[in-house]
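Presented below is the structure to which this report refers.
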Amino acid sequence: MTGAPFPRHLLAGDSESAARALIGAFLVRGNGPNARIGRIVEVEAYVGIEDLASHARFGRTNRNAVMFGPPGVAYVYLVYGMHHCLNVITEAEGRPAALLIRALEPVSGIEEMRTARIAAAGRTSTRRGHDSDVARIGGLPAARLASGPGLVCACFTIDRTTDGDDLCDPGSDLRLEAASDAQMRLPVAQSPRVGIGYATEPWLSKPWRFFVEGNPAVSGPRVAATAAQ
DNA sequence: GCAAAGATTTGCT
DNA sequence: GCAAATCTTTGCC
């Protein structure tokens, strides 16, 4: 049920509506039988210059410039010097807002995702040997392959060169695709955002993390605590 | 021009 | 449960 372009207008309105539209949709890399496809099951919204948890809180800078551009474009940045994070721009051009893709449920191209993760592990972590990465990642269940923002980018071979690409263009190698209505009927839960301890209230407690309740691909141990409330 | 911190993941204590 | 790995971006002197 993939193949339909993702309508840009679904991302052009308020970010909560955009988040609910994006949950259940697909992120696709490549074409043909080896294409990597993942269902989006967890996102976080970063909205406006006033959001003290957002990269846009210092105004427009070289790094966050695409956040101020049109919706549907990819914003990719490097965190902690080793992991990349993928965002989809939302809201009207000129207003900095984005959805961080925190987790995907692998649908197709699962072995290709393992290969991509092993390659990414070799690039980012030189502490362990390649054989160790192959064993560790090869043993992961599919639902754990892309269950975190850094892991999403590892599985889909996303780095800073992807920054600024149009994810709503059906011709893009990395793109969004719409799901059928039936597939979009998923139970969506909300919680505060993860990993923004540097922010202050009220931004710290805004329930701007959206995820599919009970889905095994939703990210990490920290999730269980916040999801349970 | 330099120092500090970060929208994370992993392994070890 | 804690700290390391690692480097870009931002803020301040």
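In what follows, every chain begins at residue 1, and chains take the letters A, B, ... in the order their sequences are listed.
Between A:Y77 atom OH and B:dA5 atom P the separation is 18 Å, expressed in whole Å. Atoms CD1 (A:I118) and C1' (B:dT9) sit 16 Å apart, rounded to a whole Å. We find that OH of A:Y80 is positioned 15 Å from P of C:dA4, with the value rounded to whole Å. The distance between atom CD of A:E42 and atom C1' of B:dT8, rounded to the nearest whole Å, is 13 Å. The separation between A:H84 atom NE2 and C:dT6 atom P is 14 Å, rounded to whole Å. When the P atom of B:dG6 is taken as reference, atom OH of A:Y46 falls 13 Å away, rounded to whole Å. Note: CG (A:L78) to P (C:dT9) measures 8 Å, nearest angstrom.
What you find for A:F26 and A:A178 is that their closest heavy atoms are CD1-O, 4.0 Å.
Spacing between B:dA7 and C:dG1 at atom P, rounded to whole Å, works out to 23 Å.
Side-chain atoms of A:T115 and A:E111 form no donor-acceptor pair, as typed in the model, at a separation below 3.5 Å. One side chain, A:T157 or A:R36, offers a donor N or O that lies under 3.5 Å from an acceptor on the other.
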Next on the checklist: Could you go through A:T162 and A:D165, starting from their C-alpha distance and side-chain angles, then the distance that decides it, and tell me whether this counts as side chain to side chain donor-acceptor pair (under 3.5 Å)?
Outcome noted: CA-CA 6 Å; A:T162 308; A:D165 287 3; 4.8 Å; no

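No contact: A:A199 has no heavy atom under 4.0 Å from any strand. When heavy atoms are screened at a 4.0 angstrom cut-off, A:R136 is found touching the sugar-phosphate backbone but no base atom. A:I196 comes within 4.0 angstrom of sugar-phosphate atoms only, judged by non-hydrogen atoms across all strands, and of no base.
Here the nucleotide nearest the side chain of A:Y198, chosen from C:dT9, B:dG6, B:dT10, is B:dG6. Nearest nucleotide to the A:R117 side chain, out of B:dT10, B:dA7, B:dT9: B:dT10.
Because its NZ or CZ atom is not both nearer than 6.0 Å to the ring centre of A:F210 and within 45° of the ring axis, A:R102 does not count as a cation-pi partner of that residue. Taking the ring centre of A:F6 as origin, the terminal cationic atom of A:R8 falls outside the region bounded by 6.0 Å and 45° from the ring axis.
Using a 4.0 Å cut-off, some side-chain N or O of A:R160 falls inside it from OP1 or OP2 of C:dT9.
For DNA chain C, runs of at least 3 consecutive pairs of the Watson-Crick or G-U wobble type, with both hydrogen-bonding distances under 3.5 angstrom, map to B:1-6 with C:7-12, B:8-12 with C:1-5.
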What protein N or O atoms touch nucleotides 10-13 of chain C N or O atoms at under 3.5 angstrom, if any, and at what distances?
{"from": "C:dT10", "atom 1": "OP1", "to": "A:T61", "atom 2": "OG1", "distance (Å)": "2.5"}

